[in-house]
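Notes follow once the structure below has been shown.
All figures in this text were calculated on a predicted structure; none of them were measured in a lab. Basis for what follows: all heavy atoms, side chains included, without hydrogens, waters or symmetry-related copies.
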Number of protein chains: 2
Amino acid sequence: MIDTPSSIPRGHGQTVPSGGGAVSRDRSAHGKPRTRPVAKDPHGAKSSRTRERILDAAAHVLSRKGYAGTRLGDIADQAQLQAPAIYYYFRSREELIEEVMWTGAQRVRQHVGQALDALPAETAPMDRICAAVEAHLRIELELSDFATALIRNSGQVPEDLRTRQLAEEAEYGKLWRDLFRDLDDAGELRPELDLRIAHMLVVGALNWAAEWWNPRRGSFETVVRTAQSLVRHGLSGRSHLAEPPRPGVIHGQRHPARRTP
Amino acid sequence: MIDTPSSIPRGHGQTVPSGGGAVSRDRSAHGKPRTRPVAKDPHGAKSSRTRERILDAAAHVLSRKGYAGTRLGDIADQAQLQAPAIYYYFRSREELIEEVMWTGAQRVRQHVGQALDALPAETAPMDRICAAVEAHLRIELELSDFATALIRNSGQVPEDLRTRQLAEEAEYGKLWRDLFRDLDDAGELRPELDLRIAHMLVVGALNWAAEWWNPRRGSFETVVRTAQSLVRHGLSGRSHLAEPPRPGVIHGQRHPARRTP
DNA sequence: GTCTATATTTGGATAGAC
DNA sequence: GTCTATCCAAATATAGAC
């Protein structure tokens, strides 16, 4: 995992759009007004890599111990400092964890989004889905503790944090929803499948991989290949032989095909 | 969920093989020798439904809050008693939680196992898999908080509890492994699929359903139908048209077909 | 059997030295 | 910026009354 700390902070690959590293999106309602600076990378750029170290450490612990099991002490150990130092950068445990989750959501969405944008415009809907499958697996299994922290904890986080998180995750949900809709619009989705449920089952299979996969279970490439094949043949109404488009759909196009908006 | 307490304890349907209700399998190494009786249903049969209430409550809380987030106070609330009363039936929080997880593993395995045993002996491998898909989804989504408690927490439980759990879960893994092997032996698994990875992806899609499904997402029957279709077409090398068995396999049978052992 | 104290431990958070 | 010392609020677990 490139963003796994293990002592060497390496100015992690995919950065959050909001730039810098001191994210702390100014959400209006967030407890009391901040009394302390919450050091947003005080001296322009390089100064405090510590904040990143703490975030990396928190992602690491969170993805393994779960929300309630994540202790500031464990994070501090992992980041090689004492627990109170965390409070120089974050106002509370909640705020730190929330930023980890938010970063996870950003990275997943950005990684998969970029993979899709890199495809030629004429790429078939099913091929786009396969590209998304690979990108999702890669950010989840190879690249980011933030991604696994998000995936494994979005169901266990307390109510308020959860609702704030929903907007961000909805964006990613929409990305997949569009992929599935395009497939359906092209008449390539087997008719007995429920669009939204198939969507959730597919993404679920990918998400669950975080629970079991490690390199000893088979190479990452094998996982990708198997997942793609499973999804492709599982969804396709064409049964990967030339079959006539399914009846009732005129030329497989119910809405105008919408590429990247 | 039939075993969801919600005040009315109703002598839940699927009971654990070990019978009774006071399970407490006498594992040799389990901390100190018990100093207190740990009331194994003191008066033969009916006496203490309380123990069941506590277990149901614990399953409920555990499946929602996660291992570290499960408080004895919450369990007590749910079971309609005070927290210290729990210690009359269980020696510690950890022992209670472990019994919940163990019960979950038992019920899932038993439920799916029985569904398979009920099939005619000549049932095709793919049809057996589809039956297992339905049974797994049903115990997970409709029947048991114990099942979801197990599914959502087996990755977050502390080391020692986890290792003790593994034996039980391995049994269930074997059940699925056999299903997939039979399919492969019959030459019906598409050759580009990795057997074990496909297995994990399929079960993962089902497990993850606990994270998102509720009746508003579509009827349970729709979930089952979609999952079965996805799995059937995702795995099948026959592409659900009559296709010759894949090359290199003599009549689709590498090992003797083994039904229920 | 179940309750009301209460002892004990843990972990989040603050104060203030350096 | 980061530490040590400390406060405080839970939460597990026990004692002992009823």
With a 4.0 Å cutoff (strictly under), does any side-chain N or O of [X] reach OP1 or OP2 of [N]?
X: T50(A); N: dT2(D); result: yes
X: Y87(A); N: dA13(C); result: yes
X: S92(A); N: dG12(C); result: no

Grab the [atom1]-[atom2] distance between [X] and [N] for me, whole Å please.
X: Q82(A); N: dC3(D); atom1: CD; atom2: P; value: 5 Å
X: D77(B); N: dT2(C); atom1: CG; atom2: P; value: 16 Å
X: L72(B); N: dT2(C); atom1: CG; atom2: C1'; value: 15 Å
X: Y67(A); N: dG11(C); atom1: OH; atom2: P; value: 15 Å
X: I86(B); N: dT4(C); atom1: CD1; atom2: P; value: 14 Å

**Message:** Tell me which one of E99(B), E98(B), E159(B) satisfies salt bridge (charged side-chain N to carboxylate O under 4.0 Å, His left out) with R164(B).
**Reply:**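 Testing each of E99(B), E98(B), E159(B) against R164(B), the sole residue satisfying salt bridge (charged side-chain N to carboxylate O under 4.0 Å, His left out) is E98(B).
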**Item:** Selected nucleotide, minimal atom distance to R71(A) side chain, candidates dG1(D), dT4(D), dG11(C)
**Value:**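 Selected nucleotide (nearest to the side chain): dG11(C).
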**Residue P84(B), side-chain heavy atoms: nucleotide from dT2(C), dG12(C), dC3(C) that is nearest** =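 The listed nucleotide nearest to P84(B)'s side chain is dC3(C).
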**Request:** Answer yes or no: is there an ion pair linking R162(B) with E169(B), defined by an N-O contact shorter than 4.0 Å?
**Result:**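 Looking at R162(B) and E169(B), the cut-off is met.
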**Prompt:** Side-chain donor-acceptor pair under 3.5 Å between D74(B) and H60(B), yes or no?
**Reply:**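 Not at all, the side chains of D74(B) and H60(B) share no donor-acceptor pair under 3.5 Å.
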**Message:** So, taking the atom named CZ in R196(A) and the one named OG1 in T226(B), what distance separates them when rounded to the nearest 0.5 Å?
**Reply:**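 R196(A) atom CZ to T226(B) atom OG1 measures 11.0 Å (nearest 0.5 Å).
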